[in-house]
Q: 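Mind having a look at this structure? Questions to follow.
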Amino acid sequence: MDDPDADFAGDGVLGNSITGENGEEVTRCDFSSMTPPEMLSGAAVRYTPEALVARVSGLVIARCTITREGAVEHCRILKGLPYMDEAVIEALESRRYRPVLFQGNPVSVPYTFNVKLRMP
């Protein structure tokens, strides 16, 4: 089920550019000199039937790339919950964000999402 209280937060990491999984250069975030991403659209996380039966709740942490076009790609779970990892990745990768700007230009950035799930 949709969780309107799901918390999506990101982090910035000081540093230089790194190469993303697809070979594209990804800028590591220092949000003091960049605009933070802003969600424009996308799906909410939906509980799986198995997670509902098991009464799963807690925190899922996923590391993704927000591209210069605002897409969310290459998500991987850093801390998961039973039956919910794929549902979280699916929801995150359906989203579009206003891209992060650095010196007025959109850049791809690694971003950590902290998704708090509570039983509906």
Q: With rounding to the nearest 0.5 angstrom, report the CE to CG distance, Met34 to Asn105.
A: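 So the gap between those two atoms works out to 11.0 Å.
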Q: CG of Leu92 to OH of Tyr97: how many Å apart, nearest 0.5 Å?
A: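 The distance works out to 6.5 Å.
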Q: Between Arg63 and Thr112, does the side chain to side chain donor-acceptor pair (under 3.5 Å) criterion hold? Intermediate values first, please.
A: CA-CA 4 Å; Arg63 185 74 164 176; Thr112 300; 2.3 Å; yes
Q: Rounded to the nearest 0.5 Å, how far does CD1 of Ile61 lie from NZ of Lys116?
A: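 Going from the NZ atom of Lys116 to the CD1 atom of Ile61 covers 10.5 Å.
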Q: Give, for atom CD1 of Ile66 and atom CZ of Arg98, the distance between the pair rounded to the nearest 0.5 Å.
A: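 If we round to the nearest 0.5 Å, Ile66:CD1 and Arg98:CZ are 12.5 Å apart.
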Q: Could you tell me whether the side chain of Asp85 and the main chain of Leu81 form a donor-acceptor pair under 3.5 Å?
A: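 Flag set: sc Asp85 to bb Leu81 pair under 3.5 Å.
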Q: Any idea which heavy atoms bring Ala87 and Thr48 closest together, and the distance?
A: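 Ala87 and Thr48 have their closest heavy atoms at CB-CG2, 4.0 Å.
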Q: Would you kindly confirm whether Val72 and Leu40 end up in one hydrophobic cluster when ILVMFWY residues are joined by side chain heavy atoms under 4.5 Å apart?
A: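 Different clusters.
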Q: Using atom types as modelled and distance alone, determine if a side-chain donor or acceptor of Tyr47 lies under 3.5 Å from a backbone N or O of Val56.
A: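 Yes; judged by distance alone, with no hydrogens or angles, the pair exists.
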Q: State whether the side chain of Arg96 and the backbone N or O of Glu69 hold a donor-acceptor pair below 3.5 Å, judged by distance alone.
A: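 Flag set: sc Arg96 to bb Glu69 pair under 3.5 Å.
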Q: For Ala43, enumerate each residue passing the side-chain contact (heavy atoms from CB on, under 4.5 Å) test, keeping only those at least two apart in sequence or located in another chain.
A: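 side-chain contact (heavy atoms from CB on, under 4.5 Å) list for Ala43, sorted by chain: Ser94.
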Q: State the CE-CZ distance between Met39 and Phe113, to the nearest 0.5 angstrom.
A: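 With rounding to 0.5 Å, CE (Met39) is 9.5 Å from CZ (Phe113).
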Q: Using the rule that two of Ile, Leu, Val, Met, Phe, Trp, Tyr join whenever any of their side-chain heavy atoms come within less than 4.5 Å, decide whether Val115 and Leu52 are in one cluster.
A: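 Yes, same cluster.
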Q: Main chain of Leu101, side chain of Thr35: is a donor-acceptor contact present, judged purely on distance under 3.5 Å?
A: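 Side chain of Thr35 to backbone of Leu101: a pair is present.
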Q: So does Arg68 get a backbone contact from the side chain of Ser108, meaning a donor-acceptor N/O pair under 3.5 Å?
A: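 A pair under 3.5 Å: yes.
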Q: List the atom of Val100, the atom of Pro36, and the distance in Å for their closest heavy-atom pair.
A: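 Closest approach of Val100 to Pro36, heavy atoms only: CG2-C, 4.4 Å.
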Q: Which heavy-atom pair separates Tyr83 from Ala51 by the least distance, and what is that distance?
A: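 Shortest heavy-atom contact: CB-N, 3.8 Å.
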Q: Main chain of Thr67, side chain of Glu73: is a donor-acceptor contact present, judged purely on distance under 3.5 Å?
A: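 No, because the side chain of Glu73 does not come within donor-acceptor range (under 3.5 Å) of the backbone of Thr67.
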Q: Is the closest side-chain heavy-atom distance between Cys75 and Val88 below 4.5 Å?
A: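 Cys75 does not reach Val88 side chain to side chain.
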Q: Pair Glu90, Val45 - check side-chain contact (heavy atoms from CB on, under 4.5 Å), show working.
A: CA-CA 8 Å; Glu90 185 177 303; Val45 177; over 6 Å; no
